[in-house]
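Both ligands and their constituent atoms are indexed starting at 1 by order of listing. What you see below is based on every heavy atom in this structure, not just the backbone, and it leaves out hydrogens, waters and symmetry mates.
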Amino acid sequence: MLSVHNLNKTYYFGKNEEQVLKDVSINFPSGKATALLGPSGSGKSTLLNIIGGLDNAYEGEVCLFGQCLNRKNMKFYDSYRLNQIGFVFQSFYLLEQQTVYENIRLGLMPLKLSAQETQARIEAVLQQVDLSDFAQVRANLLSGGQKQRVAIARALVKNPTIIIADEPTGALDGETAAQILSLLLSFKEDGKIVIIVTHDEDIAKQCDYIARIQDGQILQSPPDDQLTKQLTWKKPQFSWGRSGVLIGRNLWQRKTRNAVMAGFASIGIVSLILTTSLGVGAQLYLENQVDREFNPKEVVITTTDRSEKIDANFINELQADERVERVETAYPIILTQVMYEEVLAGGSPVISVPELTANQAERMNIISGELPASDQLELALQEDYALKLVEDPETLLGKTVTLMASGYREDAQPVQIEAVVTGIFGEPKDENGRSFDSGPRSANGVNYVTSLALNQEIIDQSSGVDNEELEYRVYTAEIDPAKEIAALARDEGYRAVAVADVIGTINQLFDGIRIVLTSIGFISVFVAGMMIGIVMYISVIERTTEIGLMRALGYRRFDIGRIFLGESVAIGFITGFAGCLVAYLLSFGLNVGFYDLIGFNIVQIPWTSFAGALLIAMTMGLLGGIIPAIIAARKDPVIALRTE
Ligand code: ADP
Ligand code: MG
């Protein structure tokens with residue numbers, strides 16, 4: 001038996017108060033159906049909510065087979081609703097977009113049951129309410145009577161001790177109402193307590209007892225019974241996996257809205273990925289350009305005054321320095337012309353070529369012949385220049401050409417040297433084998449290479465110019481040490497030029513740009529997070545009765561909050577995923593578009609950017625969803641389920 005003793009319940013609105021239940025004492029015998037009759041507003045629903053453990057703000061006692069509800073323990077109420085109470089409402093509260101099966105499963109989910117047992121129970125209860133053929137039908141396609149049968153099945157599937165039906169037939173026609181009533185009455189065996197609120201005297205007559213309430217006072221109560229019953233209590237067990245099932249279902253149900261929102265929200269993510277990686281791409285591009293034209297691991301050390309020399313001890317020191325790979329003497333001589341005996345029809349026997357530099361073999365792209373030896377008077381010619389001398393550059397291989405350098409001999413004539421062509425090289429290629437169509441690549445003499453011996457010969461022939469010990473080139477293994485070496489040389493009073501210094505400046509510039517762009521990205525992500533929060537909040541409002549229903553079914557606050565938070569994080573994840581996809585496609589397009597222009601992938605998205613974007617998007621969902629989830633969790637089920 002369920003017994004209520006001296007129950008008082010008062011509602012407060014501001015300063016006004018209304019005592020809805022006045023010293024209510026009533027019995028609901030087990031194995032019997034009791035009809036609760038009373039005019040509208042007399043306190044029937046209020047009483048049922050208290051009996052059903054939805055409301056614990058009252059004075060008095062509610063005892064089930066002698067065991068009274070412990071008002072201090074919230075968890076106990078969740079467990080009580082889950083294990084002992086099956087609610088049936090006038091307005092069904094089905095999840096309209098979900099199937100009959102899924103609606104019934106909702107009542108069972110918080111219980112720890114195996115998949116087989118879950119399915120067996122749902123099938124059994126479907127049979128009881130005669131809806132076996134409707135398991136996979138969506139609830140919104142059912143008639144009122146069928147809907148109420150689903151609601152009854154959802155209440156009964158967990159095998160509760162008490163069935164509380166608050167005007168279960170109020171929305172149904174006479175015949176359907178009779179069917180529902182007989183269905184409800186069929187559950188009173190086995191010591192179960194059936195309580196049916198109704199206005200209908202005919203329905204009341206079919207119950208075993210009639211209880212009457214008016215103005216919050218009991219006019220008639222069923223008799224006491226001394227029956228006892230062994231109650232089963234299972235711990236609520238709403239796992240992460242099961243909340244995942246509901247989260248997925250809920251997201252799918254509002255798929256259009258969620259997709260649109262994720263689409264909008266992903267703009268922030270896309271901009272975040274692109275701005276950061278565009279920065280990276282452009283920076284790499286510039287570094288690459290610098291790297292191609294100038295060696296960033298090279299430091300050129302000269303004296304500030306050309307009449308002075310660089311101290312050999314300092315050079316020795318550098319050579320001993322472990323940061324330094326090698327030190328080369330440089331020959332700052334300009335080669336101006338190459339002459340070849342055979343004259344092409346209409347061509348010129350003389351071509352001008354840029355600066356003569358030390359051997360830069362590692363940058364050469366020899367297409368025929370080979371690199372000149374460093375100890376021979378040999379050279380390799382760039383193809384374009386060779387074509388000015390002969391029709392077929394290969395015919396130059398092994399031939400002797402005359403070089404005229406701009407150094408001066410004692411007789412005031414230009415330096416002239418004969419050298420053998422050993423190789424022809426093409427344009428420098430990038431790692432993908434593509435030529436560079438832009439950039440000042442000829443500036444440092446990559447068009448022309450010659451051997452050290454050739455350089456030395458020019459120096460030897462040049463009079464009055466003692467180039468040695470005037471300029472050294474120091475090569476380091478890494479870029480940063482190059483800066484350090486340059487600083488060291490400057491400290492010694494020399495002039496030192498290191499491209500690494502320039503790269504540092506470029507990096508600083510890009511860091512600045514990136515900070516600005518990233519902040520913009522973060523702001524848009526923040527806005528997107530707010531958007532998710534607002535949409536989740538709207539969702540909470542829309543689903544208030546769903547929340548109330550779930551609480552009535554025995555879900556805990558935590559379960560409700562977790563579902564909403566989970567949805568929000570999942571939307572964040574989808575947003576992030578969409579953002580990554582869009583960013584990837586955009587980067588692909590940008591790279592294809594820009595490649596011809598600059599010969600370089602302008603956007604380079606590292607995988608960490610994608611991972612970071614996903615993480616940020618999920619955090620965004622988490623932060624956006626926290627407040628709505630808390631609001632959802634704290635919704636008062638009594639108010640949520642109130643229908644006037
Ligand atoms: P019944 O179900 O018998 O029609 P209720 O139990 O729903 O009656 O309501 C009893 C009285 O309590 C009514 O006057 C109603 O206005 C009031 N009431 C019910 N719920 C609330 C609430 N959440 N806040 C304030 N008053 C309420
Ligand atoms: Mg009511």
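When all heavy atoms of Ala633 and Arg551 are compared, the pair lying nearest together is O-NH1, 3.9 Å.
Not a single heavy atom of Glu167 lies less than 4.0 angstrom from ligand 1.
Among Gly43, Pro39, Gly38, the residue whose heavy atom lies closest to atom 8 (O) of ligand 1 is Gly43. Selection from Tyr11, Tyr12, Phe13 by nearest heavy atom to atom 22 (C) of ligand 1 gives Tyr11.
For the Mg ion (ligand 2), the N/O/S atoms of Thr46 include none lying under 2.8 Å.
A donor-acceptor pair under 3.5 Å is absent between the side-chain atoms of Arg212 and the main chain of Gln220, judged by distance alone.
For Phe87 and Phe89, the distance between ring centers is under 6.0 angstrom.
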N/O donor to acceptor pairs below 3.5 angstrom from side-chain atoms of residues 238-251, sequence neighbours left out:
residue	atom	partner	partner atom	Å
Ser239	OG	Arg242	N	3.2
Arg242	NH1	Met109	O	2.5
Arg242	NH1	Leu111	O	2.4
Arg242	NH2	Leu113	O	2.8
Ser243	OG	Ser239	O	3.4
Ser243	OG	Trp240	O	2.8
Arg249	NE	Glu102	OE1	3.2
Arg249	NE	Glu102	OE2	2.5
Arg249	NH2	Glu102	OE1	3.2
Asn250	ND2	Leu246	O	3.2
Asn250	ND2	Glu567	OE2	2.8

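Distances below 4.0 Å separate heavy atoms of Thr46 from the following atoms of ligand 1: 5 (P), 6 (O), 9 (O), 10 (C). Of all the atoms in ligand 1, the ones that sit under 4.0 Å from a non-hydrogen atom of Glu18 are 14 (O). When each atom of ligand 1 is checked for a heavy atom of Ser40 under 4.0 Å away, the hits are 4 (O).
Salt-bridge annotation for Arg257 and Glu542: present, with a side-chain N of the basic residue lying under 4.0 Å from a carboxylate O of the acidic one.
For the pair Lys32 and Phe28, the cation-pi test (distance below 6.0 Å, angle within 45°) is failed.
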